[in-house]
Undergrad: 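One structure coming up, written as structure tokens, with questions to follow.
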Amino acid sequence: MTVENPRIRKAVVTTGMAHTRVVAHAGQFVVVDVLINGAQPNVRAVDLDFWSSVDEHILSDSDPLSSLIGESAACAFAFPAQRHDRAAIVHKADGEESGAGVYWDLPTHIRERLAFEPKFTVSGFRVPKHNGQRVLELTVANEGERDGTFRARVSLKGFSGGSIVGFPVPAGESRTYTGSPGDILLYLENQGEGTLTVQYPADGGLTSIERTVQPSRTTTGSNT
């Protein structure tokens with residue numbers, strides 16, 4: 001069994017139980033590739049008895065996430081966004097004593113970057129018409145201490161599922177996305193009006209912002 005290629009994510013995208021979803025928490029994720037005999041294991045990461053470990057303490061609520069979209073053979077492990085003397089991924093079988101197990105220590109550059117997060121805010125959210133078609137316009141600022149990729153789930157009230165939007169935003173800068181993610185805007189056009197929700201990572205986990213679209217224009221909005 002090998003654990004390799006660690007990288008940091010503020011949020012990850014998984015297939016979920018019913019639909020694709022964005023997952024975030026108060027810290028950050030370390031995503032690694034887990035291979036058994038050189039191949040991706042045919043079981044969920046949580047069933048492999050992996051855990052996050054910080055300064056010799058196994059984090060009891062750190063069940064890893066698997067089935068990551070765009071991350072082949074990858075599992076995501078939650079870590080606090082703090083400086084740590086030691087941070088590791090540990091394989092601990094049932095019955096092993098506290099502190100026992102196989103540890104894969106995170107490299108120094110990964111461990112040090114855990115303390116620096118991107119901090120995203122949505123400063124603009126519009127659903128205008130371009131050439132007769134609705135498009136999504138999202139302006140996102142990164143007020144954090146490192147570059148990051150903004151990942152969000154866009155959904156339409158009354159419809160199951162959703163679409164994922166992702167784009168890089170450098171620290172201290174803003175970027176605007178303009179596009180038509182998935183089929184959400186097609187559903188909106190067919191319905192004539194509706195409420196769009198964008199769910200994205202914030203300081204304490206996920207937050208969301210809504211826009212109610214009527215046939216003529218976007219009229220109301222709220223943050224939750």
Side-chain angles (χ1 to χ4, degrees), residues 1-118 146-153 161-169 182 200-201 205-206:
M1 182 184 297
T2 60
V3 176
E4 58 190 23
N5 191 23
R7 55 270 193 199
I8 297 178
R9 302 280 187 268
K10 177 57 184 174
V12 294
V13 179
T14 76
T15 55
M17 294 295 293
H19 50 69
T20 302
R21 63 190 181 120
V22 173
V23 182
H25 67 108
Q28 300 196 82
F29 289 102
V30 173
V31 176
V32 296
D33 297 328
V34 177
L35 302 173
I36 298 177
N37 296 325
Q40 182 178 358
N42 192 27
V43 293
R44 296 182 308 157
V46 68
D47 296 327
L48 293 173
D49 295 314
F50 280 112
W51 304 88
S52 305
S53 173
V54 170
D55 299 331
E56 313 301 332
H57 297 289
I58 293 176
L59 305 180
S60 60
D61 58 349
S62 62
D63 288 346
L65 297 170
S66 53
S67 302
L68 305 185
I69 302 297
E71 304 268 14
S72 178
C75 300
F77 294 81
F79 283 88
Q82 301 169 356
R83 293 184 180 274
H84 307 291
D85 293 330
R86 185 187 187 191
I89 293 167
V90 58
H91 177 262
K92 183 177 181 295
D94 290 341
E96 287 187 316
E97 296 181 359
S98 176
V102 179
Y103 285 73
W104 287 269
D105 287 317
L106 299 183
T108 300
H109 73 282
I110 294 292
R111 178 166 46 83
E112 291 179 346
R113 288 184 68 204
L114 279 173
F116 302 97
E117 297 181 86
R146 72 168 179 86
D147 300 345
T149 297
F150 175 82
R151 294 178 173 88
R153 180 175 180 269
S163 300
I164 302 299
V165 172
F167 52 96
V169 185
Y200 66 96
L206 290 176

Undergrad: According to side-chain hydrogen bond (donor to acceptor under 3.5 Å, both in side chains), who are the partners of Arg153, at least two apart in sequence or on a separate chain?
TA: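 With neighbours one apart ignored, the set is His19.
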
Undergrad: Quick one: pull up CD1 in Ile58 and OG in Ser52 and give me the separation to the nearest 0.5 Å.
TA: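 Atom-to-atom, Ile58:CD1 and Ser52:OG are 10.0 Å apart.
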
Undergrad: How close do Leu206 and Pro201 get, counting heavy atoms only, and between which atoms?
TA: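 Looks like CD2-N, 3.9 Å.
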
Undergrad: What pairs with Asp105 under salt bridge (Lys or Arg N to Asp or Glu O under 4.0 Å), at least two apart in sequence or on another chain?
TA: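 Scan of Asp105 (salt bridge (Lys or Arg N to Asp or Glu O under 4.0 Å), adjacent residues dropped) gives Arg86.
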
Undergrad: To check you understand the geometry: which heavy-atom pair defines the closest contact between Phe77 and Pro64, and what is its length?
TA: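 Answer, listing the atom of Phe77 first, then Pro64: CE2-CB, 3.5 Å.
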
Undergrad: Suppose we screen for side-chain hydrogen bond (donor to acceptor under 3.5 Å, both in side chains). Which residues come up paired with His84, at least two apart in sequence or across chains?
TA: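 Expected list: none.
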
Undergrad: To the nearest 0.5 Å, what is the distance between CG on Asp55 and CD on Gln82?
TA: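 That separation rounds to 9.0 Å.
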
Undergrad: Kindly write out the residues that satisfy ring pair (Phe, Tyr, Trp, His ring centres under 6.0 Å) with Phe116, not counting sequence neighbours, or none if the list is empty.
TA: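 Phe116 satisfies ring pair (Phe, Tyr, Trp, His ring centres under 6.0 Å) with no residue once adjacent residues are dropped.
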
Undergrad: Quick one: does any side-chain atom of Ser53 pair with a main-chain N or O of Ala88 as donor and acceptor, under 3.5 Å?
TA: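 A pair under 3.5 Å: no.
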
Undergrad: Using residues 8-18 as the side-chain source, report each donor-acceptor pair under 3.5 Å to any protein atom, sequence neighbours left out, with the distance given to one decimal.
TA:
unit_1 : atom_1 : unit_2 : atom_2 : d
Arg9   : NE     : Glu71  : OE2    : 3.0
Arg9   : NH2    : Glu71  : OE2    : 3.0
Lys10  : NZ     : Gly27  : O      : 3.0
Lys10  : NZ     : Glu117 : OE1    : 2.6
Thr14  : OG1    : Gly16  : N      : 3.3
Thr14  : OG1    : Arg21  : NE     : 3.2

Undergrad: What residues form a ring pair (Phe, Tyr, Trp, His ring centres under 6.0 Å) with Phe79, not counting sequence neighbours?
TA: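 Ring pair (Phe, Tyr, Trp, His ring centres under 6.0 Å) check on Phe79 returns nothing, list empty.
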
Undergrad: Counting C-beta onward and ignoring hydrogens, is there a side-chain heavy-atom pair between Leu59 and Pro80 closer than 4.5 Å?
TA: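 Yes. Closest side-chain heavy atoms under 4.5 Å.
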
Undergrad: Answer yes or no: is there a donor N or O on one side and an acceptor on the other, between the side chain of Glu4 and the main chain of Asp33, under 3.5 Å?
TA: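 Absent.
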
Undergrad: Is there side-chain contact between Val169 and Pro118, with at least one heavy-atom pair below 4.5 Å?
TA: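 No - every pair of side-chain heavy atoms lies 4.5 Å or more apart.
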
Undergrad: Taking ring pair (Phe, Tyr, Trp, His ring centres under 6.0 Å) as the test, write out the residues that go with Trp104, two or more places apart.
TA: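 Applying ring pair (Phe, Tyr, Trp, His ring centres under 6.0 Å) to Trp104 gives Phe50.
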
Undergrad: Measuring from atom CD1 of Ile69 to atom OG1 of Thr20, what distance do you get when rounded to the nearest 0.5 angstrom?
TA: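 Reported to 0.5 Å precision, the distance equals 5.0 Å.
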
Undergrad: Working to the nearest 0.5 angstrom, can you tell me the gap between Ile89 CD1 and Trp51 CH2?
TA: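 Atom-to-atom, Ile89:CD1 and Trp51:CH2 are 13.5 Å apart.
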
Undergrad: Enter the distance from Asp49:CG to Asp63:CG here, rounded to the nearest 0.5 Å.
TA: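 Rounded to the nearest 0.5 Å, the CG-CG separation comes out at 10.0 Å.
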
Undergrad: For Pro6 versus Ile110, what's the shortest heavy-atom pair and its separation?
TA: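 Heavy-atom minimum between the residues: O-CD1, 3.6 Å.
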
